[in-house]
Every structure is written in structure tokens, then in C-alpha cells.
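Quick notes on the structure that follows.
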Number of protein chains: 2
Amino acid sequence: MFLSTTINGVDAKGRVSVPADFRAVVRGGPFDGIICWPSFDGPYLEGGGQALLERYQALIEEMDPYDDARVAFERAIFGAARPLAFDSNGRVTLPKEFADHAGLDTKATFVGLGSRFEIWSPERFEEHKSSAQSFARDNKRALKLPPRPGGV
Amino acid sequence: MFLSTTINGVDAKGRVSVPADFRAVVRGGPFDGIICWPSFDGPYLEGGGQALLERYQALIEEMDPYDDARVAFERAIFGAARPLAFDSNGRVTLPKEFADHAGLDTKATFVGLGSRFEIWSPERFEEHKSSAQSFARDNKRALKLPPRPGGV
DNA sequence: TGGGATAACATGGGATCAGATGGGAAACAA
DNA sequence: TTGTTTCCCATCTGATCCCATGTTATCCCA
């Protein structure tokens with residue numbers, strides 16, 4: 001599971017270290033790296049392992065072949081996604097379009113979201129974080145844990 | 001089940017012993033440690049075993065992928081959560097942001113809550129405890145036993 | 001029931017290792 | 001050739017591991 005938030009540096013070559021915990025999640029998969037695309041929902045990147053893309057593919061294939069939404073999702077996700085391979089130190093090189101879309105300059109914030117993650121510019125993420133927290137606080141009742149006898 | 005309240009010391013490296021009873025709860029699980037995150041609801045940490053996070057993940061994955069509430073919860077919980085592994089003596093190292101959020105300096109109060117637990121600064125917990133007790137007294141009728149098939 | 005022995009737990013410090021980062025050389029494309 | 005990309009090595013910092021020690025709770029036996 002992708003967890004926690006990490007800020008890593010982006011060097012002059014556009015390289016950024018993927019947090020070691022994130023690398024551990026995709027380790028052993030078919031592709032030694034991550035798959036990223038610019039979010040169509042905001043100025044950040046989305047990413048995950050190859051398994052994530054395969055799950056999205058399964059979701060999309062349940063839609064009608066010429067459903068407008070299907071075509072839009074296909075273009076926005078599969079059309080925009082690129083595999084980013086790890087170098088021997090666990091870094092990836094961000095394509096310039098990706099860095100531009102997310103406003104990544106010298107620092108990048110990796111945000112783990114369970115089955116996937118996001119990459120933000122640290123400044124932009126700070127702005128969004130507080131609103132996400134207050135939204136979560138106001139809506140916490142929507143997240144009900146079913147009681148399990150015995151706990152844990 | 002996480003039970004009872006324990007105060008343990010936090011050393012100069014930010015390490016704190018997890019109460020032995022709490023360690024026994026997560027022993028045998030997939031990850032030898034606990035998973036904690038700063039509560040979005042107050043100046044304390046929430047935590048549990050990996051099983052707890054997986055229950056949250058299952059809940060969240062029932063929501064649509066780009067539902068605003070889903071993304072807010074993902075960022076507030078998974079984005080903030082970190083796995084804290086036990087060292088050979090059953091201690092974990094608190095990340096600095098965590099200690100800051102909860103105001104943990106030299107002592108930490110572990111509060112067992114059944115399926116999860118909280119970590120407080122002892123002073124803040126004392127203040128909170130009295131108000132929590134009066135809140136519980138005022139709302140005691142909200143604690144309902146679910147009907148159990150077959151009676152008892 | 002009291003006291004001593006023993007084991008479990010909590011704590012402190014030092015050494016070692018992994019991760020993040022910067023720079024340069026080699027391979028490749030224009 | 002020139003610029004770009006990929007690969008590899010060096011370094012630094014911080015986290016993790018390991019050993020030593022004190023303290024408390026538990027157990028056993030007198």
C-alpha cells in the first residue's frame with residue numbers, strides 16, 4: 001500500500017528519487033518502475049504500479065466501446081500515461097510536460113493514497129492539504145467502520 | 001484488542017516503547033509494527049495494525065474513483081499515515097511531524113480504543129479526558145447493542 | 001504470606017547501513 | 001559535433017540495528 005507523504009528533491013536533470021517505501025510496493029511486478037500521468041483533475045501527477053493500470057483497464061472495458069466518457073478516460077489516462085523506469089538508485093526522470101503540468105521545479109511531494117499515489121509541487125500540495133483535512137473532518141461520518149466482533 | 005492507557009517516555013531520538021499489550025495485538029500480522037497518522041480531528045495521533053488500514057481501504061474503495069469525498073479521505077488518512085516498525089525492543093521512532101502535531105516531547109500517552117488506539121501528550125490527554133467523560137455521560141443512550149440473531 | 005530470584009519490559013547510547021542526492025563518463029540521437 | 005539521455009560512482013545524512021543497563025512485575029519457594 002502506498003502510504004505517507006514525502007518531499008524529495010528534483011535535480012537539474014529532472015530526476016527525482018521515488019521514496020523507498022513506494023518502490024517496495026511495485027517491486028516484484030512486471031515492470032521495475034512506476035506509471036504516471038498528469039491528472040485531468042488538477043495540477044498534479046497521478047501514478048501507481050502496472051497493476052493499477054490494469055485495474056483501470058478492467059473498469060473501462062466494462063463501459064460501452066463508443067461511450068464518450070470511455071473515450072475521454074482512455075485518452076486522459078492511457079493516452080497520457082508513461083512508464084518511468086527506476087535507475088540504479090531508485091530515481092525516475094520526469095518528462096518535461098509532466099513537470100510543467102504539476103509545476104515541479106526543485107522539489108516534489110509524493111502522496112501515498114493506498115492503491116495509487118500523487119506527485120505535487122510542495123507549495124500547491126500544502127494549499128490543498130488543509131482543505132482536504134477540513135473536508136474529511138466535516139464528512140467523517142461518511143466513513144463508518146463496520147463493527148467486527150473481536151476488534152483489530 | 002487495544003485496551004487501557006499507558007504513559008511511556010520519548011527519548012532524544014524520538015523513540016517510544018509501544019506498550020507490550022499493544023504489540024501483542026498486532027503480532028502475527030503482515031507487518032511487524034503499527035500504522036499511525038495525525039488525527040485530522042485534533043492534536044493527537046491515531047493508530048492501529050495494518051488490518052485497520054485495510055478495513056479503511058476496503059471502505060474507501062467502495063466509493064467512485066474520483067468522488068471528492070473519496071479523494072479527501074485518501075489524502076487525509078493514507079497521505080498522512082506511516083508504518084512505524086518495531087525495533088528489537090518494541091519501540092517505534094516518531095517522525096518529527098507526528099511529534100509536533102500531537103505536542104509529544106518527553107512523554108506519550110497510549111490510549112487503547114478496541115480496534116485502534118490514540119497517542120496523546122499526557123497533559124493534553126488529561127484535559128481531553130474530563131471533557132470526554134462528560135460527553136459520554138451526556139450521550140450514554142447513544143450506545144446501543146445491535147440485535148443479535150438468536151438472542152442471548 | 002513474605003522475601004528472594006527471575007523474567008519481562010522500558011530505556012540509553014553507539015555503530016552500522018540504507019536512502020537521497022550530486023556529479024561525471026559513456027552511449028545515443030540529431 | 002553538439003546536445004541529450006542513461007548509467008555508474010562518491011558522498012552525506014539520517015534511520016535502523018544491536019548491545020548494555022535499570023526497573024518493575026511476576027513467579028516460586030520457604
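Naming convention: chains lettered A, B, ... in sequence-line order (proteins, then strands); numbering from 1 in each chain. All figures in this text were calculated on a predicted structure; none of them were measured in a lab.
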- Query: Looking at the side chain of B:S17, which of D:dC18, C:dA20, C:dT11 is the nearest nucleotide?
  - Reply: C:dT11
- Please state whether the rings of B:F110 and B:F117 are parallel, tilted or perpendicular, taking 30° and 60° as the class boundaries. tilted
- Message: Please give me the minimum heavy-atom distance between A:A136 and B:A76, naming the atom from each residue.
- Response: CB-CB, 3.8 Å
- Query: A:R15 CZ to C:dG19 P: how many Å, rounded?
  - Reply: 18 Å
- Using atom CZ of A:F86 as one end and atom P of C:dG19 as the other, report the distance to the nearest whole Å. 12 Å
- B:D11 side-chain proximity, nearest of C:dG12, C:dA20, D:dC7: C:dG12
- Task: Using the rule that two of Ile, Leu, Val, Met, Phe, Trp, Tyr join whenever any of their side-chain heavy atoms come within less than 4.5 Å, decide whether B:L104 and B:V18 are in one cluster.
- Result: yes
- In whole angstrom, what separates A:F22's CZ from C:dG19's C1'? 15 Å
- So if you build clusters from Ile, Leu, Val, Met, Phe, Trp, Tyr with side-chain heavy-atom gaps below 4.5 Å, do B:V10 and B:L45 land together? yes
- The side chain of A:K13 lies closest to which of these nucleotides: C:dT11, D:dC17, C:dA25? C:dA25
- Task: Check the hydrophobic clustering (I, L, V, M, F, W, Y; side-chain heavy atoms under 4.5 Å; chains of links allowed) and say if A:F125 and A:F98 are grouped together.
- Result: no
- Message: Without decimals, in angstroms, what is the distance between B:D87 CG and D:dC18 P?
- Response: 10 Å
- Item | Listed once per pair and sorted, the side chain to side chain donor-acceptor pair (under 3.5 Å) pairs that draw on residues 24-39 of chain A, sequence neighbours left out | A:S39-A:Y44, A:S39-A:E46
- Item | Rounded to 10 degrees, the angle between the two terminal axes of the helix from C:dT1-D:dA30 to C:dA30-D:dT1, each from five pairs | 30°
- Check the hydrophobic clustering (I, L, V, M, F, W, Y; side-chain heavy atoms under 4.5 Å; chains of links allowed) and say if B:L59 and A:F135 are grouped together. no
- Query: For A:I7 and C:dT21, what is the distance between atoms CD1 and P respectively, to the nearest whole Å?
  - Reply: 11 Å
- Among the nucleotides C:dA20, C:dA10, C:dG12, which one has an atom lying closest to any side-chain atom of B:R23? C:dA10
- Task: To the nearest Å, give me how far apart CG (B:L84) and C1' (D:dC17) are.
- Result: 17 Å
- Are A:F22 and A:F86 an aromatic pair by the rule of ring centers under 6.0 Å? no
- Mind listing the residues from residues 89-96 of chain B sitting with a heavy atom below 4.0 Å of DNA chain C? Number order is fine. B:N89, B:R91
- B:V18 near the nucleic acid: base, sugar-phosphate alone, or nothing, with a heavy-atom cut-off under 4.0 Å? sugar-phosphate
- Should A:I35 and A:F78 be counted in the same cluster of Ile, Leu, Val, Met, Phe, Trp and Tyr side chains packed under 4.5 Å apart? yes
